[in-house]
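Lettering follows sequence order; numbering is per chain, from 1.
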Amino acid sequence: MSEELSGNEYRQQRIENMNKLEEAGFPAFGKAFERTDSLDKLHADFEVDKIVKACGRIVAIRKMGKMAFAHISDGTCKFQLMVKKDLIGDDNFEAFKLLDLGDIVGVEGEMFITRTEEETVRVSSWTLLSKALLPLPEKFHGLTDKETRYRQRSLDLISNPEVMDIFKKRTQVMREIRSFLDGRGYNEVETPMLQQIAGGAAAKPFMAHYNALNVDVFMRIAPELYLKRLIVGGMDRVYEMNRNFRNEGLDRTHNPEFTCLEIYQAYGDMRTMQELIQSMFTHLAETIFGKMEFEWMGNTINLQTPWREVPYHDLVKEHLGADWFDKTLDEAKAKAAELEVHIEEGADFKQVTHEIYDKTIEGTLIQPTFITRLPAELVPLANPCADNPELVDVFELIIGGKEIAPAYSELNDPIEQRKRFEEQAAGDGSKIDEDFLSALEYGMPPTGGMGIGIDRLLMLLTGSDAIRDVILFPQLKPRG
RNA sequence: GGUCCGGUAGCUCAGUCGGUAGAGCAUUUGACUUUUAAUCAAAGGGUCCUGGGUUCGAGCCCCAGCCGGAUCACCA
């Protein structure tokens with residue numbers, strides 16, 4: 001309440017200024033303005049004495065007796081304006097002095113360079129495009145309160161250029177991913193977000209009700225089972241990059257809706273995906289960021305390929321000793337206790353090993369690393385390795401100690417697939433996607449598939465520590 | 001969910017031992033034709049997150065709650 005009341009004082013003053021401006025012949029909310037170019041382009045094509053039309057939000061203003069300087073910003077960059085009373089006349093100058101920080105204006109004038117060597121527009125006429133009734137955050141420190149930044153992203157974008165930059169990078173990355181994949185012959189497709197069976201992953205779904213059919217539907221947790229139907233149908237290379245929804249916790253690396261890129265390639269396998277992701281990531285790093293080294297969460301990460309590849313068992317032996325897989329269950333549990341890793345009742349040797357891996361090994365893999373040949377129990381939807389049916393032909397890509405992308409040589413045996421679904425569903429037949437299974441029974445070619453968490457990739461590329469810094473409108477609790 | 005940290009002017013932040021609520025920017029008024037965190041002079045602006053409690057007296061201490069952050073746990 002207090003902020004609204006005192007906010008109203010600022011608002012009241014601005015409304016008074018607005019009324020005075022309107023009396024002086026400056027309507028507060030103008031029409032479309034045909035500018036010569038955006039402010040970054042005006043700087044790029046700067047020419048002394050060139051007459052230009054520019055527009056933007058006033059982010060700084062220095063008024064003097066008979067002249068004034070201001071900076072406008074349009075989200076690309078800033079540009080300085082100079083307004084002189086003798087050039088634009090008394091009335092226009094007095095009206096200009098009624099402008100407030102945050103107002104959006106359009107100006108016309110010739111470009112020149114000031115004594116302090118700043119490219120500037122000498123204003124010959126100006127128009128008010130939109131009056132700002134509320135004050136902007138402070139110019140020097142900007143807006144730093146994280147809660148306000150996430151809740152009022154407009155303000156965040158206005159006052160923090162580095163935030164604008166991150167989201168422009170996000171746009172570029174997504175565009176470049178599409179053009180990279182399109183160039184390699186992959187088809188972008190859209191599959192259902194509303195699904196009657198939420199398959200393709202193990203996660204709690206969001207639910208909704210579809211009135212027209214009178215059925216409950218789920219927001220998808222993964223597009224996987226639909227993309228594989230397309231592989232069966234003969235779309236040999238498909239991808240989808242869009243939102244998944246998971247009704248689970250929310251923290252620094254999890255948002256309930258997140259963007260995932262899933263790629264499938266018929267007649268390929270996990271190796272196909274391994275080549276693809278290395279080429280794609282280095283391409284993004286080079287073309288958009290112009291570098292291969294990224295600072296992320298206190299580490300320097302080098303994306304130079306080829307990336308390290310290590311079979312799961314070798315990695316475990318590296319950290320836990322060459323004789324690890326000769327140990328007994330009790331010895332393994334003792335080691336877990338020593339490492340302060342909590343083990344559930346009834347865990348077997350493989351589960352103990354994986355728990356230790358999860359808690360103490362994965363986080364140490366800072367440089368890009370493919371973990372391959374995982375135990376089949378850990379990965380239910382992958383084909384076994386040719387030389388060992390207990391292992392599956394997959395990789396998990398770890399960067400900065402975080403899982404960035406899993407890839408599989410996809411399971412295409414419908415009988416085995418049904419068996420695994422039945423184990424997963426634990427007796428609840430309504431959870432088994434029969435339609436998908438019958439698609440598989442028509443025959444799915446050997447297929448390589450991969451999922452990439454786009455938000456986490458962007459965290460890495462932009463050096464962001466929190467997923468909320470790469471999602472424009474992150475989920476927050478309603479204000480109390 | 002556990003633990004720890006935070007919430008004070010529009011914004012960024014101070015606030016000592018429990019004793020009249022502070023600064024910078026922003027705002028208002030005045031001066032100022034090359035400023036750029038403009039400068040100079042003056043002024044106004046507060047439900048100290050909410051609700052209880054202790055006390056003669058609470059921004060400060062205690063309890064409960066709300067929101068945010070960090071971290072651990074859970075969760076493919």
Side-chain angles (χ1 to χ4, degrees), chain A residues 1-14 16-17 58-72 78-88 93 97-98 100-102 112-120 122 132-152 155-156 158-160 200-205 221-222 224 244 246-254 256 258 260 297 340-342 344 354-355 358-359 362 374 377-381 394 396 403 406 424 451 453 465-466 468-469 474-480:
Chain A
M1 283 300 139
S2 67
E3 55 188 324
E4 280 179 26
L5 285 174
S6 9
N8 272 346
E9 246 172 75
Y10 286 90
R11 192 166 176 272
Q12 200 49 50
Q13 281 162 0
R14 281 163 180 260
E16 281 166 23
N17 286 343
I58 297 176
V59 292
I61 190 160
R62 297 174 289 282
K63 300 168 185 172
M64 281 167 278
K66 295 185 176 108
M67 70 179 299
F69 288 93
H71 276 101
I72 56 173
K78 295 180 188 177
F79 212 107
Q80 182 167 258
L81 308 179
M82 185 181 74
V83 182
K84 292 175 84 171
K85 191 172 183 172
D86 56 8
L87 283 180
I88 63 170
F93 186 73
K97 286 177 85 171
L98 289 169
D100 292 302
L101 282 179
F112 77 109
I113 294 180
T114 62
R115 283 178 202 168
T116 48
E117 299 188 338
E118 178 162 354
E119 296 176 353
T120 301
R122 186 187 290 115
L133 297 184
L134 292 174
L136 292 181
E138 193 229 0
K139 61 189 170 190
F140 191 58
H141 298 92
L143 181 67
T144 65
D145 179 70
K146 286 194 175 176
E147 186 171 357
T148 312
R149 289 188 37 223
Y150 297 144
R151 287 192 198 277
Q152 299 190 55
L155 274 186
D156 192 22
I158 290 169
S159 49
N160 296 318
K204 284 184 206 119
I221 56 176
E224 174 160 350
N244 289 343
R246 297 190 181 177
N247 203 341
E248 285 167 10
L250 115 133
D251 62 27
R252 209 152 55 114
T253 54
H254 294 84
F258 61 99
C260 200
M297 297 198 175
E340 297 181 348
V341 173
H342 175 78
E344 300 246 334
H354 194 65
E355 202 56 33
D358 235 20
K359 294 290 183 294
E362 190 177 282
L374 270 67
E377 291 79 1
L378 300 177
V379 188
L381 300 180
V394 303
E396 276 191 0
E403 277 179 47
Q424 235 181 2
D465 288 355
R468 287 176 169 182
D469 292 328
Q475 205 61 230
L476 293 176
K477 272 197 185 189
R479 208 180 298 228

Could you tell me which nucleotide pairs with B:rA64 by Watson-Crick or G-U wobble geometry, both distances under 3.5 Å, or answer none if nothing does?
B:rU50
Would you say that A:Met82 contacts A:Phe112 through its side chain, given a criterion of any heavy-atom pair below 4.5 Å between the two side chains?
yes
Could you tell me whether A:His71 contacts a base, only the sugar-phosphate backbone, or nothing, with contacts defined as non-hydrogen atoms closer than 4.0 Å?
base
Quick one: does A:Arg149's side chain have a donor or acceptor within less than 3.5 Å of a partner on A:Thr144's backbone?
no
Look at the side chain of A:Thr144 and decide which nucleotide, out of B:rU33, B:rU12, B:rU34, has an atom nearest to it.
B:rU12
Pull out every protein N or O sitting under 3.5 Å from an N or O of nucleotides 71-73 of chain B, one pair per line with the distance.
| from | atom 1 | to | atom 2 | distance (Å) |
| --- | --- | --- | --- | --- |
| B:rU71 | OP1 | A:Arg252 | NH2 | 2.6 |
| B:rU71 | OP2 | A:Arg252 | NE | 2.8 |
| B:rU71 | OP2 | A:Arg252 | NH2 | 3.4 |

Whether the side chain of A:Arg246 engages the backbone of A:Ala203 through a donor-acceptor N/O pair (distance < 3.5 Å, no angle test) should be reported.
no
A:Gln152 (side chain) donor-acceptor with A:Leu155 (main chain) under 3.5 angstrom:
no
Scan every strand shown for a Watson-Crick or G-U wobble partner of B:rC40, both distances under 3.5 Å, and answer none if you come up empty.
B:rG30
Integer-rounded Å distance: B:rC11 P and A:Arg149 CZ:
15 Å
Going by the rule ring-ring contact (aromatic ring centres under 6.0 Å, His included), which residues pair with A:His71 if we only count those two or more places apart in sequence or in a different chain?
none
Watson-Crick or G-U wobble mate for B:rG59, both contacts under 3.5 Å:
none
Under 4.0 Å between any heavy atoms, over every strand shown, what does A:Asp86 touch: base, sugar-phosphate, or nothing? Just pick one.
base
Show the distances under 3.5 angstrom between N or O atoms of the protein and N or O atoms of nucleotides 26-30 of chain B.
| from | atom 1 | to | atom 2 | distance (Å) |
| --- | --- | --- | --- | --- |
| B:rA26 | OP1 | A:Lys139 | NZ | 2.8 |
| B:rA26 | N3 | A:Tyr10 | OH | 3.1 |
| B:rU27 | O2' | A:Gln13 | OE1 | 2.1 |
| B:rU27 | O2' | A:Gln13 | NE2 | 2.9 |

Tell me the partner of B:rA70, counting only Watson-Crick (N1-N3 plus N6-O4 or O6-N4) or G-U wobble (N1-O2 and O6-N3) with both under 3.5 Å; none if nothing fits.
B:rU3
Mind checking who B:rC25 pairs with, Watson-Crick or G-U wobble, both distances under 3.5 Å?
B:rG10
Do A:Leu134 and A:Tyr10 have side chains that get closer than 4.5 Å, going by heavy atoms?
no
Nearest whole Å is fine: how far is B:rU33 C1' from A:Lys66 NZ?
8 Å
Calculate the interatomic distance between A:Tyr150 atom OH and B:rC67 atom C1'; express it in whole Å.
14 Å
Whichever of A:Ala202 and A:Gly65 has its nearest RNA chain B nucleotide further upstream toward 5':
A:Gly65
So, does A:Asn160 use its side chain to make a donor-acceptor pair with the main chain of A:Leu143 at under 3.5 Å?
yes
Please report the interatomic distance NE2(A:His342) to CD(A:Glu355), rounded to the nearest 0.5 Å.
8.0 Å
Protein-nucleotide distance (A:Met64, atom CE; B:rA31, atom P), rounded to Å
15 Å
Given B:rU33, B:rA76, B:rU34, which nucleotide is nearest the side-chain atoms of A:Met82?
B:rU34
Base paired to B:rU16 (Watson-Crick or G-U; both N/O distances under 3.5 angstrom):
none
Measuring from the side chain of A:Lys477 (C-beta onward, heavy atoms only), which nucleotide among B:rU34, B:rC75, B:rG68 has the closest atom?
B:rG68
Would you say A:Glu248's side chain and A:Lys204's backbone share a donor-acceptor pair under 3.5 angstrom?
yes
Nearest of B:rU35, B:rC11, B:rA37 to any side-chain atom of A:Phe140?
B:rA37
With a 3.5 Å distance limit and no angle check, can you tell me whether A:Lys63 reaches the backbone of A:Lys97 through a side-chain donor-acceptor pair?
yes
Looking only at side-chain atoms of A:Arg151, point me to the closest of B:rC67, B:rC75, B:rU34.
B:rC67
Can you tell me if A:Lys146 touches the phosphate of B:rG68, counting only side-chain N or O atoms and a distance under 4.0 Å to OP1 or OP2?
no
Which is true for A:Gln80 with a 4.0 Å heavy-atom rule: it touches a base, it touches only sugar-phosphate, or it touches nothing?
base
